[in-house]
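Being a predicted model, the structure only gives us computed values, none of them experimental.
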Amino acid sequence: GAMEALKAQAVAERTRALYNVGRHAAEGFDFYPGELQPYGGTAVEHELSNAAIEATAGVVATFEGQLMDTPYHPASGGWTANSEDVFDPTVPYLRGVVDSELGHLLEHLTMVGFQVAEKTNLKTTAPFERGVWSKFERWSVEWSKAEMAEALSAAFGTPITNVTAVRVTDRGTYGRVRLVEFDTVAGTLVAEKNDIRSKLRWKNAEGEWEQLSSTLFFVLPVTQGQTLTGWRVYGAGLGHGVGMSQIGAVAAANGGMTFDEILAR
């Protein structure tokens with residue numbers, strides 16, 4: 001089963017590399033470091049991934065006779081996203097799907113569904129555990145009012161001493177947040193689409209700031225009596241959510257799907 005997921009990854013990465021050739025032609029090279037999956041050298045090659053690469057040699061993904069853009073991400077949280085709900089262009093073949101192999105149904109895409117689900121509190125999770133993608137199927141993070149003001153001051157480059165409201169004002173088809181508004185003493189600030197993740201950073205147990213794991217989330221104010229003390233986000237998944245979910249690909253492969261069926265979803 002795992003081999004089919006590795007084949008899907010190999011085809012996605014090969015296609016993405018070829019699709020992006022020439023992007024920086026005017027600068028005299030094709031890619032910046034980190035734009036594609038970095039190659040760590042022969043010392044980190046693995047026989048299974050090498051076998052997947054060789055088994056799909058020359059295979060690429062196309063749409064209407066042209067190379068496709070084939071983004072991927074670690075974990076969808078149950079639903080992948082339409083391209084325009086995360087990035088700007090509407091791409092006809094980058095449509096959101098329900099990762100049904102993981103057992104999620106659309107009726108679970110609710111505030112209550114996210115609140116009651118068993119989840120990982122990322123604020124109290126050790127750094128090495130945050131490297132385990134399954135920890136991100138459902139997660140939560142919190143901000144005190146002071147932490148939210150500090151995060152937004154850094155994100156927007158303006159001193160913010162008080163935040164009075166954080167609200168989601170637009171969502172995409174499969175629940176990804178498209179627009180967040182922050183009411184502050186400096187006025188109402190806005191974050192959009194995938195940029196929300198870097199604007200809405202949270203402070204981990206080590207006191208370091210981390211970007212939000214995904215834009216598939218619900219946000220709730222935290223109160224003590226009638227006093228607003230902070231905010232809590234209930235979220236799902238890891239990464240931008242467009243294209244292939246790597247955990248979803250493994251689940252689909254284990255369910256009997258072939259690499260081309262996984263990529264066609």
Side-chain angles (χ1 to χ4, degrees), residues 27 32-35 71 73-75 77 81 83-89 111 114-115 119-131 135-136 138-172 174-242:
E27 297 158 272
Y32 282 103
E35 275 189 312
H73 54 281
S83 57
E84 67 275 14
D85 293 335
V86 180
F87 306 115
D88 285 334
M111 171 83 82
F114 274 38
Q115 281 179 275
K119 64 189 102 31
T120 303
N121 182 342
L122 295 180
K123 289 280 278 189
T124 57
T125 302
F128 71 88
E129 290 185 283
R130 291 198 294 271
K135 295 276 183 185
F136 291 88
R138 288 289 179 276
W139 47 265
S140 69
V141 291
E142 288 183 33
W143 294 258
S144 66
K145 283 194 75 178
E147 284 176 336
M148 184 63 77
E150 189 180 348
L152 297 184
S153 294
F156 288 95
T158 186
I160 296 165
T161 54
N162 191 30
V163 182
T164 55
V166 178
R167 58 181 175 274
V168 171
T169 55
D170 187 31
R171 285 185 189 275
Y174 289 90
R176 304 271 159 179
V177 176
R178 290 164 55 105
L179 204 65
V180 179
E181 293 183 353
F182 307 93
D183 288 345
T184 79
V185 290
T188 297
L189 305 173
V190 176
E192 296 184 81
K193 300 186 180 181
N194 203 49
D195 194 39
I196 292 165
R197 295 172 61 204
S198 57
K199 290 284 195 285
L200 198 48
R201 290 180 179 269
W202 56 279
K203 187 176 281 189
N204 64 28
E206 294 77 44
E208 300 162 340
W209 291 94
E210 295 195 28
Q211 73 169 10
L212 210 59
S213 301
S214 83
T215 56
L216 184 53
F217 66 82
F218 293 88
V219 59
L220 277 179
V222 176
T223 56
Q224 204 164 35
Q226 298 297 309
T227 305
L228 175 68
T229 58
W231 290 269
R232 183 178 295 118
V233 158
Y234 297 95
L238 177 62
H240 51 65
V242 179

Quick one: closest heavy-atom pair of [X] and [Y], and the distance?
X    : Y    : answer
I196 : L179 : CD1-N, 4.1 Å
S198 : A155 : O-CB, 4.4 Å
G237 : S213 : O-CB, 3.7 Å
V242 : H73  : O-ND1, 3.2 Å
P71  : H240 : CB-CE1, 3.9 Å
V222 : W231 : CG2-C, 3.8 Å

Check whether [X] reaches the backbone of [Y] with its side chain - one donor and one acceptor, N or O, closer than 3.5 Å.
X    : Y    : value
K123 : K203 : yes
K145 : N162 : no
T120 : W139 : no
R138 : G77  : yes
S214 : A236 : yes

Gap separating the [atom1] atom of [X] from the [atom2] atom of [Y], nearest 0.5 angstrom:
X    : Y    : atom1 : atom2 : answer
T158 : L152 : OG1   : CG    : 10.5 Å
M148 : L200 : CE    : CG    : 5.0 Å
Y234 : L220 : OH    : CG    : 6.0 Å
I160 : L189 : CD1   : CG    : 4.5 Å
F87  : D195 : CZ    : CG    : 11.0 Å

Would a 4.5 Å heavy-atom cut-off, applied to side chains only, mark [X] and [Y] as touching?
X    : Y    : value
L122 : F136 : yes
W143 : V233 : yes
T215 : R197 : yes
D85  : Y174 : no
W209 : E147 : yes
K199 : E192 : no

Centre of F114's six-membered ring, under 6.0 Å away, within 45 degrees of the axis: is that where NZ or CZ of K119 sits? no
May I ask you to check if R171 and F218 form a cation-pi contact, with NZ or CZ under 6.0 angstrom from the six-membered ring centre and within 45° of the axis? yes
Please test L238 against K135 for side chain to side chain contact (heavy atoms under 4.5 Å, CB included), starting from the C-alpha separation and ending with a verdict. CA-CA 9 Å; L238 177 62; K135 295 276 183 185; over 6 Å; no
So which of D183, V180, V219 actually passes side-chain contact (heavy atoms from CB on, under 4.5 Å) with R167? D183
Applying side-chain contact (heavy atoms from CB on, under 4.5 Å) between W202 and each of E210, E142, Q211, report the one that passes. E210
